[in-house]
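Have a look at the structure below before the remarks.
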Amino acid sequence: MRKKIGECLIQAGLITEDDLKAALIEHRRTGERVGVVLVRMNLATEKQIAKALAFQLGFPYINLAENPPEPSAVVLIPKEVASKRVCVAVRLEKNLLTVAMSDPLLFSLVQDLEFQTGYRIKQVVATRGDIVDAIQFGYPDKQLMRLAPGTAELALGDSPRPGRGAAGAAAHRETAIARRSEDDVFEPAAGLQERSEAAPIIDLVDLVVRSAIKSKASDIHVEPMEKGVLIRHRLDGLLKEVMDLPRWVHEGLIARLKIMAGMDIAEKRLPQDGRLRASADDGTEVDFRVSTLRTLFGEKVVMRVLDHRKGVPALEEIGMSAIALEELRGFLRHQHGMILVVGPTGSGKTTTLSAALRAVQSERTNIITIEDPIEYQIAGVNQTQINEKIKLTFASALRSILRQDPDVILLGEIRDAETAKIAMQAAQTGHLVLSTLHTDDAPSVCTRLMDIGTEPYVIASALVGVVAQRLVRRLCAQCRRQYTPPPDTLRALNIPDADAATIPFYKSVGCDQCNHTGYRGRIGIYEVMRVDDRLRRLISARASEDQLGEAAIAAGMVTLGEDGLAKVKSGVTTPEELLRVVTEVREMRTLCAGCGAAVGVDFIACPQCGKRLNGGCPHCGRALQPGWNFCPYCARSTEERRAARRLKEREAAQGRRELPAANVAEFKK
């Protein structure tokens with residue numbers, strides 16, 4: 001390695017071969033590095049050697065005096081490590097940490113830093129003197145250090161702590177994160193307070209929060225591990241590791257977050273909830289809902305990002321097909337009744353409800369919302385946030401706002417029988433009520449409401465329509481590639497191989513535009529169920545979910561799987577992403593030859609008129625799949641009816657229709 005360095009310096013014209021021989025002799029005598037010997041012998045300057053090495057080895061050179069390291073990046077490498085290994089972190093970009101080194105050939109150092117910091121390391125070359133100066137002046141005066149081995153406590157460095165007066169407050173180093181008034185929080189133990197106010201911890205919290213805002217994460221997870229602290233972001237619905245911090249920062253990091261969120265930092269056993277506000281790079285403010293939980297290795301913190309800068313999207317922008325959008329607009333034209341948006345947590349229900357409110361908002365309409373928390377601030381809408389500490393619950397708030405003469409009520413969630421009862425009464429007495437419920441699909445709404453104590457006839461009378469939804473990741477248009485899905489995927493999608501050859505499927509690849517994930521953002525898939533007279537009769541008769549689902553499909557409802565499949569065919573998402581979110585996918589539906597109603601591909605008879613459909617076993621009548629020569633239910637041959645079945649299939653193909661055409665242009669916005 002020394003020979004290579006010497007050759008680099010000779011090729012750069014900085015020294016001669018005689019100079020190198022003399023330096024090598026001195027190196028063997030003293031044991032000093034060749035570069036140090038050359039500088040001491042006045043044969044070259046430290047800057048010249050660093051530039052030559054950078055040029056010959058293909059690494060960038062950086063002048064740290066002119067380009068000082070970013071304070072938030074410096075603290076990612078502990079000061080004792082930086083001093084011992086003569087390196088300093090310069091800047092952090094996404095998952096790439098730029099580190100300045102005096103010797104770029106120390107590849108073991110790169111591996112060690114990647115393991116310690118959790119980031120990919122980009123090497124740049126700087127002089128040893130510049131690195132030492134950057135370490136001396138780049139790290140904050142207050143240091144978090146380990147105490148003696150065997151103790152988990154942390155202490156401050158030798159620098160005095162600023163006083164609590166005006167002079168001390170002015171001297172204390174602030175970051176862009178807004179700090180809550182100390183009068184509003186419980187006064188903690190002095191040790192925890194000091195740790196949370198140490199400058200490295202302040203910078204670290206600033207880095208964690210800003211990186212989440214910049215990457216458009218929906219949640220931040222701070223998770224203590226046995227030997228470290230893991231920081232993960234939820235991006236497009238999936239968690240991704242972004243930082244792996246040393247274990248010693250945990251106490252100070254959690255204490256800082258709890259103080260900012262108005263929590264009691266002395267209480268470590270019980271879960272707590274709070275809220276904090278931070279500033280983004282553009283100066284706007286972003287709120288975070290903070291939750292703590294005691295785990296085996298310490299307190300875990302989850303922060304939900306409530307970014308008010310996004311604004312409420314229009315209904316046309318949330319990814320609904322043209323027919324589903326028209327159905328929802330029909331629901332919103334009702335003067336009274338209940339509209340429910342259902343799905344699991346994080347499926348975009350609040351966004352859909354907020355877009356619906358925006359669609360019905362006018363100067364003649366009084367709209368009041370009850371939310372937990374308020375995620376979208378909508379101008380002209382009266383928004384209320386519940387507070388269980390003062391017993392302001394969904395039920396009690398709903399009782400109060402009914403005296404406020406509302407036309408439209410948005411209820412964040414129906415959680416219990418009392419809330420459901422009041423909401424149903426409001427929907428029946430001249431108010432349009434919009435709310436959410438946690439169910440898998442639209443037909444199961446009725447079962448869920450009955451489980452919490454709502455009478456079936458009340459549900460049938462009040463319910464106007466139900467929107468079930470999920471979120472799938474949207475393919476990055478810059479790097480997606482066309483491909484043919486494997487046979488198992490096609491079978492799961494119920495797509496024959498012959499039809500698959502005519503459909504352009506795409507897969508994710510990854511590029512700089514999508515942070516190498518292959519996806520950018522998410523789009524909704526929807527199942528819109530209109531409650532017509534037939535469904536009302538079935539609900540009143542306590543019909544099962546399967547019966548309600550069959551009736552809704554017969555009336556034209558497009559299921560979640562069908563809507564998702566339309567987006568797969570449009571190149572908006574991948575088959576694998578759809579199957580990750582939805583378990584059952586139907587390729588298409590046909591029309592009954594007798595009454596023209598929509599029927600499923602596996603139906604034996606039309607649910608409207610009872611006419612027998614093609615495809616059943618001629619002996620036992622059960623549904624058969626194409627290509628079966630024997631019925632798996634009665635073990636009898638299907639050959640005797642093969643010719644007749646083919647004839648019927650040709651006749652049925654003439655009346656077959658694809659899914660309702662999706663608004664592909666909307667998907668691709």
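For the numbers below, each heavy atom of this structure counts, side chains included, while hydrogens, waters and symmetry mates do not. Along the sequence shown, residues carry numbers from 1. These figures come from a predicted structure and were not determined experimentally.
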Report yes if the side chains of [X] and [Y] come closer than 4.5 Å at any heavy-atom pair, otherwise no.
{"X": "V229", "Y": "V222", "answer": "yes"}
{"X": "T352", "Y": "K349", "answer": "no"}
{"X": "F505", "Y": "P575", "answer": "yes"}
{"X": "L340", "Y": "V467", "answer": "no"}
{"X": "V466", "Y": "M557", "answer": "no"}
{"X": "R473", "Y": "R520", "answer": "no"}
{"X": "V531", "Y": "I539", "answer": "yes"}
{"X": "L96", "Y": "I121", "answer": "no"}

- request: Take E317 and V312 through the test side-chain contact (heavy atoms from CB on, under 4.5 Å) and record every step on the way to the result.
  value: CA-CA 10 Å; E317 299 173 357; V312 181; over 6 Å; no
Quick check: closest heavy atoms across [X] and [Y], and the distance to 0.1 Å?
{"X": "I495", "Y": "A500", "result": "CG2-N, 3.9 Å"}
{"X": "P486", "Y": "E576", "result": "CD-OE2, 4.3 Å"}
{"X": "D287", "Y": "R275", "result": "OD2-NH2, 3.5 Å"}
{"X": "I318", "Y": "A355", "result": "CG2-CB, 4.4 Å"}
{"X": "R470", "Y": "P344", "result": "NH1-CD, 3.5 Å"}
{"X": "D532", "Y": "L535", "result": "OD1-N, 3.0 Å"}

Drop me the distance from [X]'s [atom1] to [Y]'s [atom2], to the nearest 0.5 angstrom.
{"X": "L235", "Y": "C514", "atom1": "CG", "atom2": "SG", "result": "11.5 Å"}
{"X": "L579", "Y": "T489", "atom1": "CG", "atom2": "OG1", "result": "6.5 Å"}
{"X": "D219", "Y": "R304", "atom1": "CG", "atom2": "CZ", "result": "4.0 Å"}
{"X": "H431", "Y": "M338", "atom1": "NE2", "atom2": "CE", "result": "12.0 Å"}
{"X": "M225", "Y": "K300", "atom1": "CE", "atom2": "NZ", "result": "8.0 Å"}
{"X": "L410", "Y": "S354", "atom1": "CG", "atom2": "OG", "result": "6.5 Å"}

Polar contact flag, side-chain donor to acceptor under 3.5 angstrom, [X]-[Y]:
{"X": "E413", "Y": "T436", "answer": "no"}
{"X": "T573", "Y": "Y519", "answer": "no"}
{"X": "Q383", "Y": "E371", "answer": "yes"}
{"X": "T351", "Y": "Y376", "answer": "yes"}

Looking at [X] and [Y], would you say the former's side chain and the latter's main chain have a donor-acceptor pair under 3.5 Å?
{"X": "E375", "Y": "L306", "result": "no"}
{"X": "E527", "Y": "L560", "result": "yes"}
{"X": "R480", "Y": "G571", "result": "yes"}
{"X": "E241", "Y": "I231", "result": "no"}
{"X": "R210", "Y": "A278", "result": "no"}
{"X": "R536", "Y": "A460", "result": "yes"}
{"X": "Q469", "Y": "G348", "result": "yes"}
{"X": "Q547", "Y": "S544", "result": "yes"}
{"X": "S461", "Y": "V458", "result": "no"}
{"X": "S215", "Y": "S211", "result": "yes"}

task: For K507, check side chain to side chain contact (heavy atoms under 4.5 Å, CB included) against everything at least two apart and list the hits.
output: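 Applying side chain to side chain contact (heavy atoms under 4.5 Å, CB included) to K507 gives R481, Y483.
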field: Derivation of the side-chain contact (heavy atoms from CB on, under 4.5 Å) call for Q335 and L432
entry: CA-CA 6 Å; Q335 297 299 311; L432 183 61; over 6 Å; no
- request: Give a yes or no on whether H336 atom NE2 has more than 12 heavy-atom contacts from other residues, nucleotides or ligands under 6.0 Å away.
  value: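 Result for NE2/H336: open.
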message: How about CD on Q482, more than 12 heavy atoms from neighbouring residues, nucleotides or ligands closer than 6.0 Å, or not?
response: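 Count over threshold, so yes.
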Identify whether the distance between the nearest side-chain nitrogen and carboxylate oxygen of [X] and [Y] falls below 4.0 Å.
{"X": "R289", "Y": "D273", "value": "no"}
{"X": "E114", "Y": "R120", "value": "no"}
{"X": "D372", "Y": "R415", "value": "yes"}
{"X": "R329", "Y": "E326", "value": "no"}
{"X": "D563", "Y": "K567", "value": "yes"}

- prompt: What do the steps show when you test T365 against S362 for side-chain hydrogen bond (donor to acceptor under 3.5 Å, both in side chains), and what is the final call?
  reply: CA-CA 5 Å; T365 306; S362 71; 2.9 Å; yes
- request: Could you walk me through whether L353 and L357 pass the side-chain contact (heavy atoms from CB on, under 4.5 Å) test, one step at a time?
  value: CA-CA 6 Å; L353 286 177; L357 282 189; 5.8 Å; no
task: Please lay out, stage by stage, how V342 and D441 fare under the test side-chain contact (heavy atoms from CB on, under 4.5 Å).
output: CA-CA 7 Å; V342 302; D441 53 25; over 6 Å; no
